[in-house]
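Supplied in structure tokens, the structure appears directly below.
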Amino acid sequence: MTLEEVHGQDTVVESSDRMHKAGKALHELLLSAQRQECLTVGVYESAKVMNVDPDNVTFCILAADEIDEGDIALQIHFTLIQAFCCENDINIVRLNDTEKLAEILGSTDDSGEPKDLHCILITNPNEDAWKDPALEKLGLFCEESRNLNDWVPSIALPE
């Protein structure tokens with residue numbers, strides 16, 4: 001084996017470990033934010049919040065399954081949301097499993113209507129900064145990813 005091959009194997013192990021830890025932190029963050037009532041769910045609802053009060057948005061999750069990848073309108077929304085998040089220094093990740101997201105957050109709202117889980121914002125409910133260890137871990141993950149020129153990293157939720 002060459003030095004490059006050995007170093008490449010180390011990088012893959014480090015990368016999968018980073019992804020696993022980020023997925024676990026995202027799961028913890030979603031549960032915590034749901035308890036704190038700091039979630040905005042839905043593309044249009046998220047766009048409204050970002051337009052009215054972008055300073056209270058602390059984290060953004062864009063979720064799509066393989067089926068959604070062909071939805072041009074959704075991809076345009078994602079592009080606009082990504083640009084807005086980058087412009088306003090809001091950490092953002094992609095998630096490729098809306099089913100797991102539905103298991104965590106529920107698939108219907110209070111009225112029984114299906115939730116639009118394609119965009120989820122974690123907001124700060126008051127002026128005192130809401131500190132969550134999982135949010136800090138994901139912030140570091142996003143910063144490390146940007147240093148590797150991965151501006152919107154993909155995360156997988158744990159099984």
Handout entry: Pairwise side-chain contact, Leu138 with Leu29, heavy-atom cut-off 4.5 Å (strictly under)
Key = yes
Handout entry: Contact check, side chains of Gln34 and Leu30, non-hydrogen atoms, under 4.5 Å
Key = no
Problem - Selection residues 112-121 - residue pairs positive for side chain to side chain donor-acceptor pair (under 3.5 Å), sequence neighbours left out - result: Asp68-His118, Asp116-His118
Fill in the blank from the handout: With sequence neighbours left out, the residues meeting salt bridge (Lys or Arg N to Asp or Glu O under 4.0 Å) with Glu143 are none
Problem - Validation row: Val93, Phe59 side chains within 4.5 angstrom (heavy atoms) - result: yes
Exercise for the section: Could you tell me which residues satisfy side-chain hydrogen bond (donor to acceptor under 3.5 Å, both in side chains) with Asp53, sequence neighbours excluded, listed by chain and number? Expected result: Asn56
Problem - Any pair counted as ring pair (Phe, Tyr, Trp, His ring centres under 6.0 Å), so long as it reaches residues 87-108, sequence neighbours left out - result: none
Completion exercise
Applying salt bridge (Lys or Arg N to Asp or Glu O under 4.0 Å) to Glu144 and not counting sequence neighbours gives Arg18
Handout entry: Minimum side-chain heavy-atom gap Leu105-Ile120 below 4.5 Å
Key = yes
Practice task
Quick one: list whatever passes ring-ring contact (aromatic ring centres under 6.0 Å, His included) with His77, sequence neighbours left out.
Solution key: Tyr44
Practice task
Provide the full list of ring pair (Phe, Tyr, Trp, His ring centres under 6.0 Å) pairs with a residue in residues 83-104, sequence neighbours left out, each pair given once.
Solution key: none
Practice task
Taking the side chain as every heavy atom from C-beta outward, state whether Leu157 and Asp97 have any pair of such atoms under 4.5 Å apart.
Solution key: no
Fill in the blank from the handout: Closest non-hydrogen contact found for Gln82 with Arg94 is NE2-NH1, 3.5 Å
Exercise for the section: Any chance you could pull the hydrophobic cluster mates of Ile72, using side-chain heavy atoms under 4.5 angstrom and chaining through other members? Expected result: Ile76, Leu80
Problem - Ile122 reachable from Leu62 in the ILVMFWY side-chain graph, under 4.5 Å edges - result: no
Exercise for the section: State which residues pass side-chain hydrogen bond (donor to acceptor under 3.5 Å, both in side chains) with Thr98; sequence neighbours excluded, sorted by chain then number. Expected result: Asp65
Fill in the blank from the handout: So the ring pair (Phe, Tyr, Trp, His ring centres under 6.0 Å) pairs with at least one residue in residues 94-113 (sequence neighbours excluded) are none
Problem - Non-neighbouring partners of Lys48 that pass salt bridge (Lys or Arg N to Asp or Glu O under 4.0 Å), sequence neighbours left out - result: none
Handout entry: Side chain proximity check, Ile90 to Leu121, heavy atoms < 4.5 angstrom
Key = no
Exercise for the section: Quick one: which residue pairs count as a salt bridge (Lys or Arg N to Asp or Glu O under 4.0 Å) with a foot in residues 145-159, not counting sequence neighbours? Expected result: Lys100-Glu159
